[in-house]
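Indexing begins at 1, ligand by ligand and atom by atom, following the structure's order.
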Amino acid sequence: MTKYIDGHRSSQVGIYVHIPFCRRRCTYCDFNTYAGLLSLEDAYVAAIVSEARMRSERAISARARTLYFGGGTPSLLAIESIDSIVETVRREFGLPWEAEVTLEANPGTLTPAHLDGLRGAGITRLSLGVQSSHSAELLMLGRIHTWGEAVESYRAARVAGFDNISLDLMYALPGQTLGQWCETVGRCLELGPEHLSLYALTLEPGTPLAETLALGEVPSPDPDLAADMYEVASEMLHEAGFWQYEISNWARGDNPAPAVWALPPDGKTENISSHVSVHNLIYWRNEPWLGLGAGAHSWFRERRWSNLPHPQTYINAMRSGHLQGYSEAPVSRVTLSGETMMMGLRLAEGITDGRLYEMLGQHLGDLYGGVIDRLAEHRLIGWDGERVRLTERGRLLGNLVFQEFLGTEE
Ligand code: SF4
């Protein structure tokens with residue numbers, strides 16, 4: 001039986017499930033993920049099921065719009081585990097049968113039988129961590145797969161019936177040339193995915209790759225070259241029929257985009273195509289989400305919290321029926337408005353005055369009139385009195401724009 005418990009109006013949320021297991025750590029990774037802990041799988045899945053029950057019973061009346069398995073490497077889980085989590089989210093949070101259910105998968109962990117099982121368990125969208133089509137780059141990144149295995153996994157996913165596949169790629173790698181990057185983008189386009197995410201490598205302190213770089217064993221990525229890589233890939237994707245709907249994300253459009261960075265039809269990202277990530281749109285629009293699992297973050301009813309990060313500690317807490325988190329705090333209005341601007345401006349649709357007023361009861365011009373005028377003078381944002389959005393130039397300098405909105409409510 002589906003439950004909406006606390007008697008308040010039910011809220012639509014995205015549900016994120018964190019799977020903190022990897023076969024081995026990539027050299028650049030600083031996510032909350034662990035190699036060698038897969039023996040905890042059954043206990044961990046039981047803990048997620050308990051957390052979902054406790055949250056739905058004790059805390060909130062949330063109704064799920066989407067479900068997203070992230071990690072880590074969710075594709076390492078047995079089909080029974082995925083099945084049990086999907087079923088729990090349907091039961092406890094009323095996830096509709098037609099909802100988007102994404103699973104992050106690593107090539108090298110997928111077999112045809114596993115892919116069939118994933119389809120059967122209700123996964124509708126795969127996000128494949130391909131990263132590069134060059135063996136030397138994959139080796140440097142410590143990935144567990146080759147380009148050949150990525151292609152094999154992609155084709156097997158098609159045979160299994162997946163019709164919504166996103167490929168994740170990384171650029172600005174140490175030693176990577178513009179030519180190598182274009183080859184990777186071109187080879188991925190030849191596969192015909194519905195969606196692409198392109199992220200510049202961030203060298204997090206303390207990771208093996210950052211240390212190798214500090215020792216001078218690999219060259220530092222050049223920021224100008226990284227900007228060129230981004231621009232060239234944007235052009236290639238535009239020509240191939242993709243709409244850029246977010247700074248790092250592209251979906252194959254129903255109709256060609258009129259420009260590299262175009263306002264979606266009627267100003268709504270959903271109108272670009274059925275392949276935009278509905279779950280990630282929830283984050284960018286700063287709408288509520290619940291995170292289940294070790295270290296997962298949640299944002300609901302103006303509070304933000306995160307769970308205990310280590311899988312075993314998290315399992316112990318759920319066994320003893322404790323929902324207390326690693327951190328929990330209300331979010332101030334200044335933070336809320338600043339983050340809403342920062343996240344919303346990542347989208348090509350930008351933010352409208354109407355939406356901000358609905359969220360905060362204040363008008364865009366009253367909150368940020370001076371900042372908006374200044375950024376518009378520098379041609380970094382466009383503002384027509386109702387909608388504010390990054391210009392094509394502004395999207396290349398997004399971080400400069402975002403910081404103007406943080407903590408600067410007028
Ligand atoms: S697969 Fe992803 S989560 Fe796992 S170690 Fe590599 S980058 Fe980190």
Please report which non-hydrogen protein atom sits nearest to atom 4 (Fe) of ligand 1, along with the residue it belongs to and the distance in Å to one decimal place. Cys22 SG, 2.2 Å
Over 12 non-hydrogen atoms of neighbours within 6.0 angstrom of OH in Tyr199: yes
May I ask you to identify, for Arg143, whether its side chain, its backbone, both or neither come under 4.0 Å of ligand 1 on a heavy-atom basis? side chain
Is it true that Glu104 lies under 4.0 Å from ligand 1, counting heavy atoms only? no
Atoms of ligand 1 less than 4.0 Å from Arg24 heavy atoms? 5 (S)
Nearest protein heavy-atom contact for atom 3 (S) of ligand 1: which residue, which atom, what distance? Gly72 N, 3.1 Å
Near Thr33, which atoms of ligand 1 are under 4.0 Å from a heavy atom of that residue? 3 (S), 8 (Fe)
Taking atom types as modelled, find out whether Tyr28 and Arg143 have a side-chain donor-acceptor pair closer than 3.5 angstrom. yes
Tell me which protein heavy atom sits closest to atom 7 (S) of ligand 1, plus the residue, atom name and distance to 0.1 Å. Tyr28 OH, 3.4 Å
Using salt bridge (charged side-chain N to carboxylate O under 4.0 Å, His left out) as the criterion, point out the one residue from Arg285, Arg355, Lys268 that pairs with Glu349. Arg285
Judged by modelled atom types alone, do His134 and Glu183 share a side-chain donor-acceptor pair under 3.5 Å? yes
Polar contact flag, side-chain donor to acceptor under 3.5 angstrom, Gln403-Asn399: no
Does a donor on one side chain sit under 3.5 Å from an acceptor on the other, for Arg301 and Ser11? yes
Among side-chain atoms of Asn249 and Ser197, is any donor-acceptor pair under 3.5 angstrom? yes
Region of Cys26 engaging ligand 1 - heavy atom pairs below 4.0 Å: both
Just let me know how Asn106 lines up against ligand 1, side chain, backbone, both or neither, with a heavy-atom cut-off below 4.0 Å. side chain
Heavy-atom nearest neighbour in the protein, as seen from atom 8 (Fe) of ligand 1, with distance rounded to 0.1 Å: Cys29 SG, 2.3 Å
